[in-house]
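Just follow the structure's listing: the first ligand is 1, and inside any ligand the first atom is 1.
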Amino acid sequence: MNYKFNSSVASLQPSAIREILKMTSKPGIISFSAGNPSADAFPSSEIADIASDILRSDPIAALQYSITEGYPPLIEYLKEYMKGKNALSEDDSVVVTSGAQQVMALASKALCDSGDTVVCEDPSFIGSLNSFRAHGGRLRGVDMQPDGMNMETLEDILKSDKRVKFIYTIPNFQNPTGITMSYEKRRRIYELACKYDVIILEDNPYGDIRFEGEDIPPIKSLDTEGRVIYAGSFSKVVSPGMRVGFGVANKELMAKMVVCKQVEDVHTNILSQMIIHRYVTEYDFAGHLSRIREIYRHKAGLMMELADKYLCPDITYNKVQGGLFIWATLPDDVDMTDFCLKLVKNSVAVVPGNAFSVEDNAPSQSFRMNYSTESDENITKGMEIIGETFKACRKL
Ligand SMILES: Cc1ncc(COP(=O)(O)O)c(C=O)c1O
């Protein structure tokens, strides 16, 4: 059978990350490729207690169909959470989604006609890029600077392209570069969105795992015109497998996104929502956050120390203050893809930088390393192997 796919999805390929993840299940591989939280960061026994209690005391509420907007007590909690960031206006509403990933799908479904432009940081999170593509979005990339998107490139695009529907940004500990957007740039991106009458989609799954430095207010906190859609998630702070995220946007826009969600999955898993609500309101969630920030501070610190020892100065990398990733860049005389393949052969998996490129097949000299999942011993061994593999590539 010759399947004739929808033209928006015909060119989509399985993400390179997933393909590399398949290899990471090979025994003995040291994986710096996933975006998973540390195995030590799950509040498993608390979740087991809550789940069992809910299923015994309130089974029907947890097993029955529920409303699309989300579990009302969790929505109330999220409203307070957003108010705490000064990022909820009277005209906003909150919807619980199946991960933050679904906010990208709902925003593009609600806003994009086929061929509309979505402006993205380049490189950016492949899951979101593919969601925009799958909903007919045409991507335009903006280069990254140490303090976030290049605002001049952004303005050039906004000036010349009349089909821009929204700008997608990950302002905190961006995936894959680890870059955090400065407050000045957050103000500027909002100004530009107002000037050119476009929406901003602010994706913030990593903001709560800052282990160094001061929090920077979200772009949503600057929003006086209902122009910012905010996406948040419990994936990195409680559990990705439970698939609970949330979106915050102006009521009119959110009502359309809710209809889109209704036809997609009816509602987010209600048992997961109830568990998360009980966990964040009745247990020591603040203590849990401090504990996981310590885990990541330690692991990131170790990886950066080893990068200084084994990779620098030839391979450069961005210092990070939170999130889960370090972005490293090879000198021009080493072929990045070849280097990543040799690394896998030497039992270390990283993600090649072009997996995150806005343009297919764009050249990249960078690769992404995750520090959250491997033991200290394996981080040490893996970084040493990266250094040795680099030296071997140089000798060839
Ligand atoms: C930037 C970014 N946005 C969204 C997601 C998806 O998160 P969720 O598990 O909440 O769908 C990820 C996951 O890695 C991510 O890195």
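Contacts between Phe234 and ligand 1, counted as non-hydrogen atom pairs separated by less than 4.0 Å, are absent for every part of the residue. Only the side chain of Lys236 comes within 4.0 Å of ligand 1, judged by heavy-atom distances. The part of Arg243 lying near ligand 1 is the side chain, judged by heavy-atom distances below 4.0 Å. The residue Pro240 has no part lying near ligand 1, judged by heavy-atom distances below 4.0 Å.
Summarising the geometry of Tyr296 relative to Ser38, their closest heavy-atom pair is OH-N, 2.9 Å, with the distance given to 0.1 Å.
Contact atoms of ligand 1 toward Asp203: 1 (C), 2 (C), 3 (N), 4 (C) (distance under 4.0 Å to a heavy atom of the residue). Residue Pro205 approaches ligand 1 through these ligand atoms, each under 4.0 Å from one of its heavy atoms: 1 (C), 2 (C), 3 (N), 15 (C). Of all the atoms in ligand 1, the ones that sit under 4.0 Å from a non-hydrogen atom of Gln101 are 6 (C), 8 (P), 11 (O). Short contacts between ligand 1 and Gly99, defined as distances under 4.0 Å to a heavy atom of the residue, involve ligand atoms 8 (P), 10 (O), 11 (O). Shown in contact with Ser235 at under 4.0 Å from a heavy atom are these atoms of ligand 1, numbered in order with element: 8 (P), 9 (O), 10 (O). Against a heavy-atom cut-off of under 4.0 Å, Ser233 is close to the following atoms of ligand 1: 8 (P), 10 (O).
Annotation: cation-pi pair Arg293/Phe211 absent, no NZ/CZ under 6.0 Å from the ring centroid and within 45° of its normal.
Two residues are said to be in side-chain contact when any heavy atoms from C-beta on lie closer than 4.5 Å; Tyr283 and Pro43 fail this criterion.
With rounding to the nearest 0.5 Å, the separation of CG in Asn36 from CD in Glu374 is 10.5 Å. Here Arg187 contributes atom CZ and Glu191 contributes atom CD; the two are 7.0 Å apart, rounded to the nearest 0.5 Å.
Nearest non-hydrogen protein atom to atom 16 (O) of ligand 1 is Tyr206 OH, 2.6 Å. Atom 5 (C) of ligand 1 has its closest protein heavy atom at Phe125 CE2, 3.4 Å.
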Practice problem: Take Arg163 and Asp116 through the salt bridge (Lys or Arg N to Asp or Glu O under 4.0 Å) test and state the conclusion after the steps. | Solution: CA-CA 5 Å; Arg163 290 200 67 181; Asp116 278 345; 2.8 Å; yes

Exercise. Would you please test Arg210 and Asp215 for salt bridge (Lys or Arg N to Asp or Glu O under 4.0 Å) and show each step?
Key: CA-CA 7 Å; Arg210 174 182 279 283; Asp215 281 336; 3.5 Å; yes

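Around CD of Glu359, the count of heavy atoms belonging to other residues, nucleotides or ligands within 6.0 Å does not exceed 12.
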